[in-house]
Amino acid sequence: MAEYAKPRGTADILPDDALEWQFVEKTAQQLFESYQYREIRTPIFEHTEIFERGVGDTTDIVTREMYTFTDRGGRSVTLRPEGTAGVARAFVENRLYGGPLPAKLYYNGPMFRYETPQAGRYRQFYHYGVEVIGTDDPRSDAEVIEVADRLLRTMGIESFGLELNSVGCPVCRADHKVRLLEHLEPVRQDLCTDCQERFEKNPLRILDCKKDGNNPTVLSAPTITDSLCDSCAGHFAAVKMYLDAMAIPYQVVKTMVRGLDYYTQTAFEFVESSIGAQSTILGGGRYNGLIRMLGGPDLPGIGFAGGIERLLLARAAHGLKSAPQNHPDAYVIALGEAAREASVRVLYALRQAGISADADYSGHGLKAQLKAADRVGATFALLIGDDEVKSGTVAVRNMATKEQTSVNETAVVATIAEHTGRQG
RNA sequence: GUGGGCGUGGCGAAGUGGUUAACGCACCGGAUUGUGGCUCCGGCACUCGUGGGUUCGAUCCCCAUCGCUCACCCCA
């Protein structure tokens, strides 16, 4: 039993798993850059008010899920629970609005939320995401959704569904809220305790409550989607038109609400049923008031974030694996004291030449060392014993064919390079 | 925060109220001298998560506690 264990909800990404992570991170980076997004890296912690204001101080994230602490200077800081607020802060603080707009940014990194862990949910988890700040053209909504769609497909995920909705702007949302509450007031007492609370805080959620979702009055309640102002309705129609133009399938889900206050108009989720109850593999939407709320100009924005762990779960569920680990071209085996110095020389020369090489430091017998060479998948085993030391040679053994030749030490690098074609 | 399942050697996994707790994998060593992947032989458990309790006696029974895991809520 290990005496020390990692904190709840965190994970060690071990070398075998890291191969998959590298694949996902590299693939995402290449894709984003081909769409002309540029990377931005922001701090992993921010002043707490960034999230309180940006994400919204009534949201679950802010009210019960943040890792917040007071630093030695007495400031309240918080480990970022999501990426957009920090990017927005950086956009404003560094006056990126003075540059070409829209700014197209992408990021990748750890996020933190104090939640009870379960499949696809962790306290430290990783997001990749993009933000387009400075345009509210519905073509940018469609582009962001298309990037997300392409990303998942590039990762080998094909079985997801795209759920789409518009949650309106502050104007139509306020208008809708009044009508919704009027509609629900008569049955208010009949709703579940969760929904009683949602009544004031977030009435939109009542519409897709699992318990009350079948209540006739709830079912007949006006949805935000059907209550959009002309401007928002037009925007939503245009987004759908552009998605159709790219033949991206989607399903309008009128009850879908996203959990962060900054969302306006377009909201979307990519859902993958193979990864457990937490089936949202990627989510995003438009946030037209956020930049201004954080002290910047009144610029609109849209973006998405996806969870790497959930993507990996989906890949695993579909049996997808990236390339296996690389094996050394040469594995140096020394037998006896006298051979050790020569083995160091040979290993150094190989690496100097850019050849992937490793050596056995076990001091075990030849048999065990050859076994080790086999285990790491070495192409060649280089044997150095008393005989080789005396003659200044190295026995070069092809592990696959078992052919073994004696090569002068000075010619070892050339011999290996020739056979592997990997000389640097 | 709430509920279900689980916690046996590095990993996977049996098991019983009572002398030495299966097995598989991995690992280490050996099967003629300096030669691998197969086979054979051998080796490898100071607390059966932790702390109490019941009992003549508990890894198996009870309580507590910690941890893991799945689900609710919500989200990526």
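So that the names make sense, note that chain A is the first sequence line, chain B the second, and so on, each numbered from 1. Keep in mind that what you see is a predicted model, and the values were worked out from it rather than measured.
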*Among pairs that include at least one residue of residues 149-192 of chain A, which meet ring pair (Phe, Tyr, Trp, His ring centres under 6.0 Å), considering only residues two or more places apart or in two chains?*
Phe160(A)-Phe270(A)

Using a cut-off of under 3.5 Å, enumerate the N/O to N/O pairs linking the protein to nucleotides 65-68 of chain B.
residue	atom	partner	partner atom	Å
C68(B)	OP2	Arg8(A)	NH1	2.9

*Could you write out RNA chain B as a dot-bracket string, with dots for unpaired bases, | for bases paired across to another strand, and Watson-Crick or G-U pairs counted at under 3.5 Å?*
(((((((..(((.....[....))).(((((.......))))).....(((((..]....))))))))))))....

*Checking all strands, does Gly129(A) fall into the base, sugar-phosphate, or nothing category for heavy-atom contacts under 4.0 angstrom?*
nothing

*Is there any ring pair (Phe, Tyr, Trp, His ring centres under 6.0 Å) pair reaching into residues 184-221 of chain A, and which pairs are they, with sequence neighbours excluded?*
none

*Can you tell which of G34(B), G36(B), C74(B) lies closest to the side chain of Glu65(A)?*
C74(B)

*side chain to side chain donor-acceptor pair (under 3.5 Å) partners of Arg397(A), counting only residues at least two apart*: Gln404(A)

_Give the residues of residues 53-64 of chain A touching RNA chain B, defined as any heavy atom closer than 4.0 Å, sorted by residue number._
Asp60(A), Arg64(A)

Could you go through nucleotides 26-30 of chain B and list every protein N or O atom that sits under 3.5 Å from one of its N or O atoms, giving the distance for each pair?
residue	atom	partner	partner atom	Å
C27(B)	OP1	Arg375(A)	NH1	2.9

*Which residues pass the side chain to side chain donor-acceptor pair (under 3.5 Å) test with Glu185(A), sequence neighbours left out?*
none

*With Arg375(A) via side chain to side chain donor-acceptor pair (under 3.5 Å) - residues at least two apart*: none

*Could you list the residues that satisfy salt bridge (Lys or Arg N to Asp or Glu O under 4.0 Å) with Asp136(A), not counting sequence neighbours?*
none

Atom pairs, protein N/O to nucleotides 42-45 of chain B N/O, distance under 3.5 Å:
none

Kindly list each side-chain donor-acceptor pair under 3.5 angstrom involving residues 26-34 of chain A, sequence neighbours excluded, with atom names and distances?
residue	atom	partner	partner atom	Å
Thr27(A)	OG1	Phe23(A)	O	2.6
Glu33(A)	OE2	Tyr106(A)	OH	2.6
Ser34(A)	OG	Leu31(A)	O	2.8

